[in-house]
K.L.:
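The structure under discussion is supplied below as structure tokens; questions concerning it will follow.
Every value quoted in this text rests on a predicted model; they were computed, and no experiment measured them. Chain identifiers are assigned alphabetically (A, B, ...) following the order of the sequence lines, protein sequences preceding nucleic acid strands; residue numbering begins at 1 within each chain.
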Number of protein chains: 2
Amino acid sequence: MLSTEQIIDTMSAQGLRITDQRRTLARLFAEAPGYLTAKDVYDYMGKKYSGLSFDTVYRNLRVMQELGVLEQIVFEDGVKFKSHCSQDHHHHHMICLQCEKTYPIAFCPMDMTDMPEQFEVVKHKFEVFGYCKDCRQEMGAGDGKEGPTLHLKQSKLMSQAYDTHEHAGKSQ
Amino acid sequence: MLSTEQIIDTMSAQGLRITDQRRTLARLFAEAPGYLTAKDVYDYMGKKYSGLSFDTVYRNLRVMQELGVLEQIVFEDGVKFKSHCSQDHHHHHMICLQCEKTYPIAFCPMDMTDMPEQFEVVKHKFEVFGYCKDCRQEMGAGDGKEGPTLHLKQSKLMSQAYDTHEHAGKSQ
DNA sequence: GTATTTGCAAACAATTTGCAGCTCT
DNA sequence: AGAGCTGCAAATTGTTTGCAAATAC
């Protein structure tokens, strides 16, 4: 994840002006553990910073995304944003369907497989959805949804995935 | 892909009524080589079947999707539909960014890797985007976009992918 | 001081809904 | 006959745009 300062510096370096709104956005995304919709952002900003308009949120989400500061993902239920992962190494995510936190996967399917020559690969998407440890515990505790049965094999390639990264940090 | 009849039979078996519109939809999706937006469908239906309304298109896309006849994918540029692949075996796709045809990938990353025990996997997504043989040839022929440079290794797991399946059929 | 940003309101696009009339079965 | 469809028009939701006033540099 990027820190508040990294986000601000990047924006500043691109000649963007650092307004209070943008500062708040930077802080929000630096701290947010999961994905946020434009509305989430708006609601949050509303608390901290009353009088912020929806279009400013949209405009900035767009700008920050184009700048590479934010990652935009289209879920079935809408568009969401989160701070971009460390640019250094390419990786994929497990995404919790409950809390929407992301956990890095220390493995990329494209490393494992070559494409047929006839097809020129431009990009790929690999995402695993499910329930993370924390949410499974809460759900298992019995609040409506039934605690899921597991049918998992021993971890081979991804065992490190669960706690290596800052991703899954319980920050906030 | 499903045939017109398979689609119609499935819908009929679920107690849905077979109207002219639905018949046309079934035929359209049985023949379409790639993904279609609601608007694509509407435009097409307009030709064959003048006077069809947008809401009917939406209603039926939804119904057919819930029924499992259509597959709905959310692309960056919008929601698109295509006829569901043969239900029998799970597989992923290469998707051409130009023509949006899909080519099956004879490999699933989830077969290769176990997830950490702590995470309960519900579903996963693996998609490869790029340019297919046909489109690369056309583009290479020099109509604006530069013919892409390839940097592909020998195919290991996916070599069969390119011509096994009916998917990539040049049908229509 | 000047180019950027913001907030407002209004425009827009995509999708959904209510309802009366038409149509499969 | 009667539940299920369709088409229309109107409502909703999510996102974008034009413009004057406010602000960062």
K.L.:
CZ of B:Arg62 versus P of D:dG4: gap in Å, rounded?
P.N.:
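Answer to the nearest Å: 17 Å.
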K.L.:
Are A:Thr37 and A:Asp40 close enough that a side-chain donor and a side-chain acceptor fall under 3.5 Å?
P.N.:
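Looking only at side-chain atoms, A:Asp40 and A:Thr37 do form a donor-acceptor pair, the distance falling under 3.5 Å.
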K.L.:
Between A:Gln21 and C:dG7, is there a side-chain N or O to OP1/OP2 distance below 4.0 Å?
P.N.:
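Answer yes for this pair, as a side-chain N or O of A:Gln21 is under 4.0 Å from OP1 or OP2.
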K.L.:
Over 60° means perpendicular and under 30° means parallel, so classify the ring planes of B:His92 and B:His90, tilted if in between.
P.N.:
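Perpendicular.
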K.L.:
Nearest whole angstrom, please: distance from the P of D:dA24 to the CE of A:Met11.
P.N.:
14 Å
K.L.:
Please tell me which of the listed nucleotides, C:dT5, D:dT15, D:dC5, lies nearest to the side chain of A:Thr19?
P.N.:
C:dT5
K.L.:
Give a yes or no answer on whether the side chain of A:Arg22 reaches the backbone of A:Ile8 with a donor-acceptor pair at less than 3.5 Å.
P.N.:
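Checking the backbone N and O of A:Ile8 against the side chain of A:Arg22, no donor-acceptor pair under 3.5 Å is found.
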K.L.:
Measure the distance from OH on A:Tyr58 to C1' on C:dC8 and round it to the nearest whole Å.
P.N.:
16 Å
K.L.:
Quickly work out the B:Asp9 CG to C:dT25 C1' distance and round it to whole Å.
P.N.:
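It works out to 16 Å between those atoms.
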K.L.:
Between A:Phe54 and B:Ser53, name the one whose nearest nucleotide on DNA chain D is closer to the 5' end.
P.N.:
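It is B:Ser53, whose closest nucleotide lies nearer the 5' terminus.
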K.L.:
Return the value, rounded to whole Å, for the distance between atom OH of B:Tyr42 and atom C1' of D:dG7.
P.N.:
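From B:Tyr42 OH to D:dG7 C1': 10 Å.
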K.L.:
Counting only side-chain heavy atoms from C-beta out, which of D:dT16, D:dG7, C:dC8 sits nearest to B:Arg59?
P.N.:
D:dG7
K.L.:
Going by the side chain to side chain donor-acceptor pair (under 3.5 Å) test, name the single residue among B:Glu100, B:Gln72, B:Glu71 that passes it with B:Lys80.
P.N.:
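Of all the options given, the one that passes is B:Glu100.
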K.L.:
D:dA3 P sits how many Å from B:Ile18 CD1, rounded?
P.N.:
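Value for this atom pair: 19 Å.
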K.L.:
Could you give the CZ-to-P distance, from A:Phe75 to D:dG14, as a whole number of Å?
P.N.:
16 Å
K.L.:
Expressed in angstrom and rounded to an integer, what is the separation of A:Glu66 atom CD from D:dT16 atom C1'?
P.N.:
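Nearest whole value for this atom pair: 13 Å.
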K.L.:
Taking for each residue the nucleotide of DNA chain D bearing the nearest heavy atom, is the 5' side occupied by B:Asp55 or by B:Gly15?
P.N.:
B:Gly15
